[in-house]
Amino acid sequence: MLLTLVGSALLLAALQGRAQGLNNMRDQLIIHYCTLAVNADFAKAGKPVPAGLAKDTCTCVAQQVNARATIPQAETICKQQAMGKYNLSP
């Protein structure tokens with residue numbers, strides 16, 4: 001019985017560590033592709049990306065997704081925040 005409990009505890013700890021690693025990997029992917037999209041949007045508009053905007057916006061998107069927002073919801077929330085912070089027009 002004790003061996004089963006110890007084994008279960010070790011398995012749970014390993015799975016929690018693996019889940020944290022997956023979240024980090026997911027965050028990195030979200031931030032990577034978000035940054036590409038932000039840069040592409042500004043390039044298409046013929047404007048330079050304000051310093052820090054892509055990092056702030058894409059970190060926001062990853063945080064919103066981690067809080068269970070959908071990607072479209074996260075994009076909307078974070079674009080609005082960036083527009084206010086960086087004084088951008090739609």
Side-chain angles (χ1 to χ4, degrees):
M1 179 78 170
L2 180 59
L3 186 58
T4 302
L5 289 174
V6 171
S8 296
L10 289 173
L11 179 60
L12 181 59
L15 290 174
Q16 286 174 338
R18 185 174 180 103
Q20 181 63 36
L22 291 175
N23 282 343
N24 288 337
M25 185 185 308
R26 181 182 64 194
D27 290 354
Q28 290 172 8
L29 286 170
I30 290 169
I31 291 168
H32 173 76
Y33 287 107
C34 173
T35 300
L36 292 177
V38 167
N39 291 337
D41 286 347
F42 274 85
K44 186 184 283 186
K47 297 179 181 180
V49 180
L53 180 133
K55 181 181 179 209
D56 289 346
T57 303
C58 296
T59 300
C60 172
V61 170
Q63 290 170 342
Q64 291 295 320
V65 170
N66 286 333
R68 306 256 187 233
T70 64
I71 295 284
Q73 290 169 334
E75 287 176 354
T76 300
I77 291 165
C78 298
K79 279 183 182 180
Q80 289 174 349
Q81 288 179 6
M83 287 171 48
K85 182 174 181 177
Y86 292 91
N87 199 26
L88 301 171
S89 58

Look up atom [atom1] in [X] and atom [atom2] in [Y], then write down how far apart they are to the nearest 0.5 Å.
| X | Y | atom1 | atom2 | value |
| --- | --- | --- | --- | --- |
| Ile31 | Cys60 | CD1 | SG | 10.5 Å |
| Asp41 | Thr57 | CG | OG1 | 10.5 Å |
| Asp27 | Cys58 | CG | SG | 12.0 Å |
| Gln63 | Ile30 | CD | CD1 | 10.5 Å |
| Lys44 | Asn39 | NZ | CG | 13.5 Å |

Show the nearest heavy-atom pair for residues [X] and [Y], with the distance to one decimal.
| X | Y | value |
| --- | --- | --- |
| Gln64 | Ile77 | OE1-CD1, 3.4 Å |
| Ala69 | Ala74 | CB-N, 4.3 Å |
| Pro50 | Phe42 | CD-CE2, 3.6 Å |
| Thr35 | Ala54 | CG2-CB, 4.2 Å |

(Q) Quick one: does any side-chain atom of Tyr86 pair with a main-chain N or O of Gln81 as donor and acceptor, under 3.5 Å? (A)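 Answer holds: no.
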
Q | Polar side-chain atom of Gln73 near backbone of Thr70 as donor-acceptor pair, under 3.5 Å | A |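 Checking the backbone N and O of Thr70 against the side chain of Gln73, a donor-acceptor pair under 3.5 Å is found.
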
Q) Could you go step by step and tell me if Lys85 and Leu53 meet the side-chain contact (heavy atoms from CB on, under 4.5 Å) rule? A) CA-CA 9 Å; Lys85 182 174 181 177; Leu53 180 133; over 6 Å; no

Q) In terms of hydrophobic clusters joined by side-chain contacts under 4.5 Å, are Leu29 and Val38 together? A)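 No; tracing contacts between hydrophobic side chains, which count when under 4.5 Å, never links both residues.
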
Q: Tell me, yes or no, whether the heavy-atom count around Tyr33 atom OH, taken from other residues, nucleotides or ligands under 6.0 Å, exceeds 12.
A: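 No, because the 6.0 Å sphere around OH of Tyr33 holds 12 heavy atoms or fewer from other groups.
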
